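One structure below.
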Amino acid sequence: MFDFLAFLAIIILFILLMDTRGRLKRAEATLLEAARRIGALQRGAAPPVTGDAAAEVAAATHETAAPAQGQPAVAAEATPLPARSDDPVKTPGTIETLPSPAVGAAPAPKPPKAPVPAGPPVSLASRFENLFGKTLPIWAGGLTLAIAGVLIVRYAIDAGFFARIFTPGVQIVAGLLFGLGLIGGAEYAWRNEEKLRDVRVPQALSGAGIATLYAAIMVAANVYQLIGPLLAFLALALVTAAALGLSLRFGPPSALLGLAGGLAAPAMVGAVEPNVPLLAVYLALTIAGLAGVARARRWPWLALAALIGGIGWGLWMVLASAALDVVASVSIGGFVLLLAIVLPMMAFDGPRSTLLRTASAVVGALQLALLVGYGGFAPLHWGLFALIAAAGQWLTWRERGFAIVPAISLLLSLALLAAWPDPTPFWFGLIGLSLLIIHALPLLARMWALPKSLRPTLELCIIALAAAPLTKWHFWSVADGSLALVALGGALLAATAIGRGWRVEGRTNDGRIAWLTATAGVLLALAIILLIPAWLAPLGIAAVAIGLLFFGKAALDACIERVAAGFVGAALVALVATSRALVELPRLIEGADGTDGMAIIRWAGLAAAALLFAVRADGAIVRRVGQIGAALFAYGAFAQVLPANALMLVPALGGAAVLLATRRILFSRIDGAAASLATLSLAWAALPMAIWSTKALLSLAGVPMQFDDTLLTIEPLLLRLLLPALLFAIPVWLIRDALPRWLWIAALSLAAIVGGVAVHSLYRIGFAAAAGGDFVTTGILQRLIWEAILIGAGWFAMARGLTGVARPLIVTGTAHALFYGLILHNPLWSAQAVGGWPLVNLLLPLFLLPWLGLTRMPALFAKAPAELDRAIQIVTMLLALGFAWATLRQLFHGALLAQPGVTDAENILRSILILALALGFLLWGIRAKRHDWRIASLVLMIAAAGKVFLFDASGLEGLARIGSFVALGFSLIGIGWLYSRQLAPDRDAAPAPA
């Protein structure tokens with residue numbers, strides 16, 4: 001209790017300090033303005049002053065210059081002026097009016113302003129001393145006296161000694177006398193102000209007296225029952241009137257102390273189980289009186305503090321009181337209505353009044369909602385809540401700034417209706433209809449008024465949508481027909497709002513009609529679903545979507561068209577949410593074993609509805625949604641009839657037909673359908689493409705591709721990959737002029753990838769069937785044929801001017817030949833048969849194919865970089881060296897080059913081969929003026945010398961060693977002679993191009 005009182009005292013003192021601070025600031029500003037004006041008048045350059053500023057300056061000048069009655073005259077302070085030679089002698093400190101200058105005379109130059117001497121700054125210690133030594137103690141003393149008066153009464157109740165001496169009547173009389181004595185002391189202090197010279201003393205005494213009288217009356221009525229409710233009411237009214245009068249006489253401190261004592265009195269006297277009606281009346285009188293004083297004296301802070309205290313007491317009465325009777329409920333309801341509606345309208349005024357009144361109304365609605373919940377949802381409590389809801393509507397009608405109040409009360413109404421445990425149909429319907437009327441009728445009345453606002457529309461939509469769910473929530477066994485009537489009632493409410501705004505100018509510029517239409521459509525669809533068989537629910541929603549589409553055209557509102565498209569999506573949800581979806585959805589992948597009439601009706605009906613949107617919709621987005629829906633639903637309809645093998649081709653055939661239709665209609669009218677069907681085809685191709693890609697990635701690590709999966713057999717490859725790719729690629733190529741360039745290039749590229757995977761897989765399957773699948777025997781031949789097909793097709797396309805087609809073919813074939821044929825599976829280190837005939841074997845095409853592909857590379861790119869040609873030359877050198885080395889190996893080892901062992905003759909011939917290649921590279925480099933080839937010849941020469949000296953010499957004996965050195969010597973001499981003979985002119989000439 002003392003913590004509460006201390007907190008309340010801190011709040012009061014803080015308000016007083018803020019008020020004093022504001023007054024001081026205004027006084028200082030007025031004095032400074034007055035001093036500035038007086039100084040300007042002395043210099044003859046006073047700016048004109050009008051309005052309130054003139055009145056303030058005049059008052060400040062009068063107060064500064066005029067001496068008080070009965071006191072010696074004191075000169076008014078003004079800004080000091082510098083002395084002038086032509087000024088007459090004046091008494092220091094006096095002010096003299098200067099004569100006006102003659103007409104036509106040149107104005108005298110203004111003297112510079114002398115700095116205003118500033119007084120010594122007030123120190124922090126002085127401010128602290130003034131605040132805590134002079135200001136706060138008196139007010140704190142008044143509050144202490146008020147608490148002391150209440151504690152005296154409380155102590156008299158608790159102490160046994162005083163209980164024996166002071167009977168209850170004596171205690172009450174003592175308390176009343178003490179309170180009256182305090183008020184009398186305040187009056188005496190007020191009348192002797194010239195002696196006391198401090199108005200805060202009577203303020204403190206009067207406040208303490210008021211609080212003591214409140215406490216005494218509450219104890220007499222609520223603790224001792226010495227007086228009845230009527231007499232207590234009259235006594236409290238009398239004290240309240242006295243408090244109002246004293247507040248008007250003694251100022252804000254008395255009002256604050258009276259507020260503190262009055263609000264704290266019920267708690268201080270120990271009213272744990274109070275008389276709720278009496279407490280409500282007492283608090284209402286106290287707060288109303290303070291609000292009236294606040295209105296009269298323009299103290300909004302006093303009214304706000306009184307309302308906050310009243311709200312706290314109202315909340316406590318609602319939460320702490322159980323099993324409220326009728327009188328107590330009405331008392332609490334009336335008290336809350338007084339605080340929420342009446343008092344804020346009376347007490348608050350000004351720019352922030354709307355915010356404060358709105359907050360009060362919202363808090364009141366919350367309190368009455370709690371009263372309904374804690375009171376067991378009794379009809380009386382519902383009536384009180386309905387009353388404040390109606391009051392909120394009245395506030396909104398009176399001022400638009402209160403629009404949030406009915407919105408909050410609407411949400412509270414819905415929450416209370418949802419939380420109502422076990423309502424009877426009669427009371428639920430009666431209270432629900434009452435709240436519906438309270439909230440819906442004002443919304444219908446002001447929905448289309450200016451200025452435009454979406455909030456009333458949303459509130460009405462919430463009301464219309466909430467009826468059916470709330471009914472089903474409380475009465476789960478309600479018949480579908482009855483629930484459909486409730487939904488139709490909500491749809492009728494939204495339709496009524498649409499009808500009221502049909503002729504409103506500018507209604508199509510906002511979303512109000514669209515929101516109402518969506519609400520009505522949802523409720524209408526719900527009613528249809530409740531009345532038709534469950535398997536037809538998607539078609540019922542689709543029917544609503546079609547109706548909304550044509551309604552949007554009649555309303556000339558593009559937003560309604562988008563709402564209608566949303567109902568097509570809702571129909572899809574209903575399609576997959578019904579029990580039949582468990583049978584129909586697997587057919588989208590597995591196909592159908594027979595004909596299902598109900599499934600065909602469902603999917604075909606939705607396809608027709610979506611097609612109507614694709615054809616009749618005005619918005620591009622809605623048309624595309626319709627195209628997508630029509631394509632998907634049509635595929636679903638075919639899936640209910642066709643087996644899987646035939647179903648795979650449906651998206652491709654449909655996509656081809658749609659693309660060919662572009663010859664007669666715009667592509668923008670069918671692009672969504674084409675994309676949807678292409679996506680379905682890719683979905684069918686996804687699994688075999690994923691399996692092939694996995695195997696291709698593993699082949700990069702040397703794992704041979706094995707086409708042993710069922711999805712990589714002939715039938716799936718044809719139906720899932722090759723035929724769909726052709727069915728899409730051919731129409732795209734035929735209508736490429738009607739498509740954006742990036743689109744048809746991307747489409748053809750995607751079709752080429754899918755078709756290329758199919759062709760590669762079919763080739764591998766066919767080759768294995770014809771030549772066998774042994775990797776050692778057929779590996780090189782199988783790769784050479786595939787690479788020849790790719791590079792040859794690229795050459796053919798390039799000859800026809802189709803560079804875009806030739807580029808990927810040649811690059812892919814060349815890369816495949818280099819990586820798989822010469823790096824990963826080179827016959828020199830991978831066991832593969834190249835053929836038993838010398839020179840007439842697979843080595844020549846193995847090294848020739850990548851060279852042919854490389855030589856075509858510069859022609860494939862319009863701006864080939866110089867580095868590309870140099871790279872081609874280097875790769876050509878490596879290919880020549882590899883072919884010569886492999887051919888020499890084949891002469892000694894036959895078909896399998898990877899066999900271990902090297903004979904002496906082969907070893908010598910290797911050295912000779914390196915020297916011969918070095919010589920050949922040098923001759924070609926000299927002839928073609930290729931610096932890279934000459935450098936390569938030197939590298940080979942150095943390699944040959946190193947091989948002879950480091951390996952051959954150590955492994956050979958006799959004539960073999962001599963022969964190797966002789967061959968190496970002559971070779972080195974020949975190469976040197978060629979360099980010196982053929983390259984001598986280059987020393988003085990410009991360097992040859994690389």
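From a predicted model like this one, the values you see are computed outputs, not experimental measurements.
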_Side-chain donor/acceptor of Q640 to backbone N/O of A592, under 3.5 Å_ = no
*Shortest non-hydrogen contact from F567 to A545?*
CB-CB, 3.6 Å
*asked:* Take a 6.0 Å sphere around CH2 of W924 and say whether it holds more than 12 heavy atoms from other residues, nucleotides or ligands.
replied: no
*Quick one: are Y820 and S699 in side-chain contact, heavy atoms under 4.5 Å?*
yes
*Of all the heavy-atom pairs spanning A936 and M877, show the shortest one and how long it is.*
CB-SD, 3.3 Å
*Under 3.5 Å, is there a donor-acceptor pair between the side chain of Q890 and the main chain of G835?*
yes
_Could you check whether atom CG of L839 has more than 12 heavy atoms from other residues, nucleotides or ligands sitting under 6.0 Å from it?_
no
_Main-chain N/O of W684 paired to R720 side chain as donor or acceptor, under 3.5 Å_ = yes
Would you mind writing out the side-chain donor-acceptor pairs for residues 704-712 within the sub-3.5 Å range, not counting sequence neighbours?
unit_1, atom_1, unit_2, atom_2, d
D708, OD1, K695, NZ, 3.4
D709, OD1, L711, N, 2.9

*asked:* Evaluate I935 against D932 for side-chain contact (heavy atoms from CB on, under 4.5 Å), listing each step before the verdict.
replied: CA-CA 5 Å; I935 296 298; D932 294 333; 5.5 Å; no
*Can you list the steps and then say if F775 with Q782 is a side-chain contact (heavy atoms from CB on, under 4.5 Å)?*
CA-CA 9 Å; F775 179 75; Q782 174 261 319; over 6 Å; no
*Nearest heavy-atom pair of A565 and V622: which atoms, and what distance?*
CB-CG1, 4.0 Å
*asked:* Atom CG of residue position L891 - does it have more than 12 heavy atoms of other residues, nucleotides or ligands inside 6.0 Å?
replied: yes
*Rounded distance (nearest 0.5 Å) linking atom CG of N841 with atom OG1 of T887*: 6.5 Å
*Mind checking what makes side chain to side chain donor-acceptor pair (under 3.5 Å) contact with N826, not counting sequence neighbours?*
none
*Under a 4.5 Å cut-off applied to non-hydrogen side-chain atoms, are V902 and R910 in contact?*
yes
*Can you name the nearest heavy-atom pair linking P651 to M648, along with the distance?*
CD-O, 3.5 Å
*Return yes if some donor-acceptor pair links the side-chain N/O of R624 with the main-chain N/O of G672 below 3.5 Å, else return no.*
no
_With a 4.5 Å cut-off on side-chain heavy atoms, are W535 and I601 touching?_
yes
*Which heavy atom in W829 sits nearest to a heavy atom in L824, and how many Å separate them?*
NE1-O, 3.9 Å
_Please report the interatomic distance CG(D774) to CD(Q832), rounded to the nearest 0.5 Å._
10.0 Å
*Show the numbers, then the answer: is there a side-chain contact (heavy atoms from CB on, under 4.5 Å) between I785 and Y763?*
CA-CA 10 Å; I785 295 175; Y763 164 74; 3.1 Å; yes
_Please check if the number of heavy atoms outside F638 that lie under 6.0 Å from its CZ is greater than 12._
no
*Test item: L659 and V732 side chains (from C-beta on) under 4.5 Å apart, heavy atoms*: yes
_Residue pair A788 / L849: nearest heavy atoms and the distance that separates them_ = N-CD1, 4.0 Å
*Can you find a heavy atom in the side chain of R764 that is under 4.5 Å from one in the side chain of W786?*
no
_One pair to check against side-chain contact (heavy atoms from CB on, under 4.5 Å): L846 and F883. What are the steps and the verdict?_
CA-CA 9 Å; L846 182 65; F883 172 72; over 6 Å; no
Run the side-chain donor-acceptor check on residues 790-813: report pairs under 3.5 Å with partners two or more places apart or on a different chain.
unit_1, atom_1, unit_2, atom_2, d
R807, NE, L860, O, 3.0
R807, NH2, L860, O, 2.8
T812, OG1, P808, O, 2.6

*Pairwise distance CZ(R616) to CG(L549) - rounded to 0.5 angstrom*: 7.5 Å
_Any W603 side-chain heavy atom under 4.5 Å of L588 side chain_ = yes
*Heavy atoms, side chains only, cut-off 4.5 Å: are I621 and R562 in contact?*
no
*asked:* Would you say that H816 contacts F819 through its side chain, given a criterion of any heavy-atom pair below 4.5 Å between the two side chains?
replied: no
*With rounding to the nearest 0.5 Å, note down the distance linking OG1 in T876 to CH2 in W851.*
7.0 Å
*asked:* Filter on ring-ring contact (aromatic ring centres under 6.0 Å, His included), then keep only pairs touching residues 718-740, sequence neighbours left out; what's left?
replied: none
Residues 747-756, side-chain donor-acceptor partners within the protein, below 3.5 Å, at least two apart:
unit_1, atom_1, unit_2, atom_2, d
S749, OG, I745, O, 2.7

*Starting at CH2 of W744, measure out to CG of L739 and round the result to the nearest 0.5 Å.*
9.5 Å
*asked:* Check whether R623 reaches the backbone of D618 with its side chain - one donor and one acceptor, N or O, closer than 3.5 Å.
replied: yes
_Which residues share a side chain to side chain donor-acceptor pair (under 3.5 Å) with T578, sequence neighbours left out_ = R602
*Atom CG of D737 and atom CZ of R663: how far apart are they, to the nearest 0.5 Å?*
10.5 Å
